Amino acid sequence: MVEHRNAHYFLWFLFFGLIAGISSYVNSDPHQLSSESIWLFVSGLLGILVAQKWLADGSFARPYDFIIGVIFTLVGLIGVLAAFKINLLSGVSSLPTVVYDKGAGTLLGLSLSLLPALIHMVLGLQSLNHGMHSGKK
C-alpha cells in the first residue's frame with residue numbers, strides 16, 4: 001500500500017507539478033509560475049516527503065492525505081459543478097481575491113475550469129483513499 005501511495009504522489013509531483021510547471025513557465029509572458037503549478041509541485045513533493053521513514057516514521061502521511069484530499073476534492077467538485085452552471089460560490093463576494101478570484105476563475109489559486117477541476121477532484125479523491133486505507137491490510 002505504501003508503494004502505491006508513493007507512486008501516486010511521485011507521479012503527481014512529476015507530471016502535474018514539475019512538467020506542467022515548466023510548461024506554464026515557458027509559455028507565459030512574462031515568464032512566471034502559475035499558482036496552480038506551485039500548488040501541484042509543492043503538494044506532490046510534500047506527499048512524497050511526509051511518508052519517509054526518517055520523518056517521524058511516516059506518521060504524517062495519513063493526516064496529510066486527508067488534508068490535501070479534502071482541499072483538492074472540494075476545489076475540484078466546486079469547479080465541476082460550476083461547469084454545469086451550479087455555482088456554489090455565487091453568493092460569496094466578501095472573500096479576498098487570494099481565496100476566490102472570480103475573474104481568474106480560481107479558488108485558493110487552483111483553477112475552477114472543467115479539465116483542471118476534474119484533475120483536482122481525482123487527485124483529491126485518490127489522496128482521501130490513501131488516507132482511509134493506510135495502515136490497513
Side-chain angles (χ1 to χ4, degrees):
M1 186 65 76
V2 173
E3 294 82 17
H4 185 255
R5 183 199 176 281
N6 288 341
H8 165 71
Y9 283 107
F10 178 73
L11 292 173
W12 176 330
F13 165 76
L14 183 66
F15 290 112
F16 299 115
L18 192 61
I19 294 173
I22 291 169
S23 174
S24 162
Y25 180 80
V26 168
N27 292 322
S28 65
D29 188 31
H31 295 301
Q32 60 186 11
L33 287 173
S34 66
S35 60
E36 178 104 19
S37 59
I38 293 169
W39 257 103
L40 291 164
F41 180 85
V42 171
S43 57
L45 182 61
L46 284 175
I48 294 167
L49 293 177
V50 297
Q52 301 304 310
K53 294 286 183 201
W54 54 265
L55 184 64
D57 203 31
S59 63
F60 295 124
R62 191 170 191 187
Y64 180 80
D65 290 339
F66 279 119
I67 293 167
I68 209 70
V70 167
I71 291 170
F72 274 81
T73 301
L74 288 178
V75 169
L77 182 63
I78 290 169
V80 169
L81 290 174
F84 289 102
K85 307 295 185 218
I86 302 171
N87 192 352
L88 297 178
L89 301 174
S90 62
V92 183
S93 61
S94 62
L95 288 175
T97 57
V98 172
V99 176
Y100 175 56
D101 189 352
K102 185 176 182 178
T106 62
L107 178 62
L108 299 173
L110 295 168
S111 176
L112 295 175
S113 300
L114 182 59
L115 184 58
L118 284 170
I119 291 169
H120 298 146
M121 196 161 61
V122 168
L123 292 173
L125 289 171
Q126 186 65 37
S127 294
L128 285 173
N129 184 40
H130 290 304
M132 286 189 283
H133 293 103
S134 65
K136 294 182 181 177
K137 295 187 182 193

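Treat the numbers as computed from the prediction; the structure is a model and nothing was measured.
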Roughly how far, to the nearest 0.5 Å, is the CG atom of D101 from the CG atom of L108?
-> 11.5 Å
Provide the closest heavy-atom pair for N6 versus A51 in the form atom of the first, atom of the second, distance.
-> OD1-CB, 3.6 Å
Pairwise distance NE2(H4) to CG(N129) - rounded to 0.5 angstrom = 8.0 Å
Fit a plane to each ring of W39 and F72, take the angle between them on a 0 to 90° scale, and name the class: parallel (under 30°), tilted (30 to 60°) or perpendicular (over 60°).
-> perpendicular
Closest heavy-atom pair, A20 versus F16, reported as atoms and distance to 0.1 Å, is CB-O, 3.3 Å
Common cluster, V122/V70, ILVMFWY with side-chain heavy-atom separation under 4.5 Å | no
Going through the distances and angles, do F66 and L128 end up as a side-chain contact (heavy atoms from CB on, under 4.5 Å)?
-> CA-CA 5 Å; F66 279 119; L128 285 173; 3.9 Å; yes
Report yes or no: does H120 contribute a side-chain atom to a donor-acceptor pair with the main-chain N or O of P116 at less than 3.5 Å?
-> yes
Under 4.5 Å between any side-chain heavy atoms of I68 and W12, yes or no?
-> yes
Rounded distance (nearest 0.5 Å) linking atom CG of L89 with atom CD1 of I78 = 5.0 Å
Looking only at heavy atoms, which two atoms of A117 and L112 are closest? And how far apart?
-> CB-O, 4.2 Å
Please round to the nearest 0.5 Å and tell me the distance separating atom CG of L40 and atom CG of L33.
-> 11.5 Å
Contact check, side chains of L81 and N87, non-hydrogen atoms, under 4.5 Å | no
Minimum heavy-atom distance G21-S37, with the two atoms named = CA-CB, 3.5 Å
Can any side-chain N or O of S127 pair as donor or acceptor with the backbone N or O of L123 at less than 3.5 Å?
-> yes
Measure the acute angle between the ring planes of F41 and F13, then classify it against the limits of 30° and 60° as parallel, tilted or perpendicular.
-> tilted
Smallest heavy-atom separation, H31 atom then S28 atom, equals ND1-O, 3.3 Å
Check H8, R5, H133, Q126 against D65 for a side-chain hydrogen bond (donor to acceptor under 3.5 Å, both in side chains) and give me the one that passes.
-> R5
So CG of L77 and CG of L88: to nearest 0.5 Å the spacing works out to 7.0 Å
Quick one: CD1 on I67 to OG on S43, what's the gap to the nearest 0.5 Å?
-> 12.5 Å
Quick one: ring pair (Phe, Tyr, Trp, His ring centres under 6.0 Å) partners of Y64, sequence neighbours excluded?
-> Y9
Minimal non-hydrogen separation, L55 against V50, with atom names | CD2-CA, 3.9 Å
